[in-house]
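Read the structure below first, then the notes.
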Amino acid sequence: MSVQAQAIARHFGKACQSYSNAARLQRLTGYALLDALPSDTLGSLLDLGCGPAWLHPELVQRCQQLLAVDLSAGMLHQARQLGLANEYIQADAAALPLASASVQRVFSNLMLQWCPQPGEVAAELERVLQSGGTVTLSTLVQGTLAELRQAFLALQLTPHVNQFLTAEALLLAMQQGAPAIDWQLQLETVQLSYPDVLSLGRELKSLGANYVPDKERKGLTGRHYWQQLQQAYPKAVGSSAGSVTDTIIASYQVAYLIGVKR
């Protein structure tokens with residue numbers, strides 16, 4: 001496991017108990033993905049980046065065998081508490097310990113954005129999928145947390161926000177990594193409201209989503225810091241300028257990728 005993968009696993013491991021309660025965006029995208037799954041229950045389904053497995057009661061009804069994979073041992077420990085999957089596997093999505101052509105379906109909800117080389121993940125999906133198998137996944141692309149990035153820049157600070165691929169670059173990476181999979185891409189902007197920037201930061205931390213490669217640093221605490229960030233944060237419509245208590249909006253650019261292996 002790479003150094004970056006170990007760091008990501010640690011972040012999500014710390015969030016394994018708080019994740020489910022904070023996963024507002026993940027629930028929205030997860031249920032959208034469920035609607036896109038084939039209606040039959042044939043074959044095996046790989047939940048790639050399963051997290052604490054809050055979707056397993058739904059997924060187990062859509063397959064004959066459920067495989068749960070996550071990079072984080074902590075997340076897998078939480079997932080095992082439900083006991084609904086047939087196997088729990090700790091693995092990097094770009095190096096799956098699964099036999100070729102052994103899976104009928106892959107389901108992955110907001111995991112791919114944490115993979116530095118999505119094309120390598122696509123190649124693994126192509127390898128483990130059977131002919132006619134499907135991929136149903138969601139991820140985040142450029143424009144996500146644009147308001148937070150704008151606030152950092154207004155304070156002349158390096159944005160402590162992940163650099164997400166553009167939708168076009170993501171699709172190209174998936175096509176090049178898995179040329180035998182026919183990909184379809186759909187985009188959606190999801191906006192969530194928060195009482196303040198501190199609440200946004202706390203939610204990201206509760207999800208383990210506050211990890212930024214090569215930008216981990218001390219100092220992201222302190223009342224004065226958060227007040228400055230709040231003042232610099234773009235105000236929601238109807239908010240008054242200068243207030244540190246007005247509701248804020250955070251935008252997430254969600255990409256849904258549906259693939260069928262030829």
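No experiment lies behind these values; they were computed from the predicted model shown.
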Donor-acceptor under 3.5 Å (Arg149 side chain, Leu145 main chain): no
ILVMFWY cluster, Leu48 and Leu137 together (side-chain gap under 4.5 Å): yes
Full working for side-chain contact (heavy atoms from CB on, under 4.5 Å) between Thr134 and Val106: CA-CA 6 Å; Thr134 61; Val106 175; over 6 Å; no
For the student: nearest non-hydrogen atoms of Gly51 and Ala79, plus distance: O-CB, 3.7 Å
Test: Arg105 and Asp47 ion pair at under 4.0 Å: no
Neighbour count above 12 (heavy atom, 6.0 Å) for Gln186 CD: no
Transitive ILVMFWY side-chain link Leu200 to Val190, under 4.5 Å: yes
Derivation and outcome, side-chain contact (heavy atoms from CB on, under 4.5 Å), residues Leu34 and Leu59: CA-CA 8 Å; Leu34 285 175; Leu59 291 178; 3.6 Å; yes
Heavy-atom side-chain contact between Thr29 and Tyr256 under 4.5 Å: yes
N/O donor-acceptor pair under 3.5 Å between Asn162 side chain and Phe164 backbone: no
Minimal non-hydrogen separation, His56 against Ala68, with atom names: CE1-CB, 3.6 Å
Distance-minimising heavy-atom pair for Ser251 and Gln191: OG-NE2, 3.0 Å
Test item: Asn86 side-chain N/O and Leu66 main-chain N/O as donor-acceptor pair under 3.5 Å: yes
Glu126 side chain reached by Pro179 side chain, heavy atoms, under 4.5 Å: yes
Nearest heavy-atom neighbours spanning Gln113 and Ser138: OE1-O, 4.5 Å
Main-chain N/O of Ile249 paired with Tyr233 side-chain donor or acceptor, under 3.5 Å: yes
Exam field: side chain Trp183 to backbone Met174, donor-acceptor pair closer than 3.5 Å: yes
Side chain Arg127, main chain Leu96, donor-acceptor under 3.5 Å: yes
Glu120 side chain vs Ala94 backbone, donor-acceptor pair below 3.5 Å: no
Criterion side-chain contact (heavy atoms from CB on, under 4.5 Å) on Val254 and Leu140, from CA distance to verdict: CA-CA 5 Å; Val254 181; Leu140 298 175; 4.0 Å; yes
Minimum side-chain heavy-atom gap Asp196-Ile248 below 4.5 Å: no
Test item: Asp70 side-chain N/O and Cys50 main-chain N/O as donor-acceptor pair under 3.5 Å: yes
Heavy-atom closest contact (Pro52 atom, Leu82 atom, distance): O-CD1, 4.4 Å
Atom pair OG (Ser100) and CD (Glu124), whose distance is rounded to the nearest 0.5 Å: 8.0 Å
Side chains of Leu229 and Leu155 in contact at under 4.5 Å (non-hydrogen atoms): yes
Gap between atom CD of Glu147 and atom OH of Tyr194 - 0.5 Å precision: 10.0 Å
Gln253 and Thr189: side chain donor to acceptor below 3.5 Å: yes
Greater than 12 external heavy atoms within 6.0 Å of Gln156's CD: no
Euclidean distance, Ser108 OG relative to Leu257 CG, rounded to 0.5 Å: 10.0 Å
Check: Pro195 main-chain N/O paired with Thr247 side-chain donor or acceptor under 3.5 Å: no
Residue pair Phe107 / Leu55, side-chain heavy-atom distance below 4.5 Å: yes
Atom pair CG/CG of Leu46 and Leu67 - distance to nearest 0.5 Å: 6.0 Å
Candidates Leu28, Thr144, Leu110, Val141 - the one meeting side chain to side chain contact (heavy atoms under 4.5 Å, CB included) with Tyr252: Thr144
Verdict with supporting geometry, Thr166 and Gln142, side-chain hydrogen bond (donor to acceptor under 3.5 Å, both in side chains): CA-CA 5 Å; Thr166 65; Gln142 190 177 89; 5.8 Å; no
Hphob cluster co-occupancy, Val161 + Leu198, side-chain heavy atoms under 4.5 angstrom: yes
Flag side-chain contact, heavy atom, 4.5 Å: Val135 against Leu129: yes
No-hydrogen, no-angle side-chain donor-acceptor test under 3.5 Å, Gln130 and Ser102: no
Nearest atoms (heavy-atom pairs only) where Phe152 meets Thr158: CD2-O, 4.0 Å
Gln104-Ser44 side chain donor-acceptor pair, cut-off 3.5 Å: no
Verify same cluster id: Leu165, Leu172 (apolar side-chain graph, 4.5 Å): no
Cluster link Met111 to Leu187, ILVMFWY, side chain under 4.5 Å: yes
Stepwise side-chain contact (heavy atoms from CB on, under 4.5 Å) check, Leu25 with Leu192: CA-CA 8 Å; Leu25 177 66; Leu192 299 179; 4.0 Å; yes
Side-chain touch Trp226/Val197, heavy atoms, less than 4.5 angstrom: yes
Side-chain heavy atoms of Gln65 within contact of Glu87, under 4.5 Å: yes
Side chain Gln61, main chain Pro57, donor-acceptor under 3.5 Å: yes
Separation between CD of Gln26 and CG of Leu33, rounded to the nearest 0.5 Å: 11.5 Å
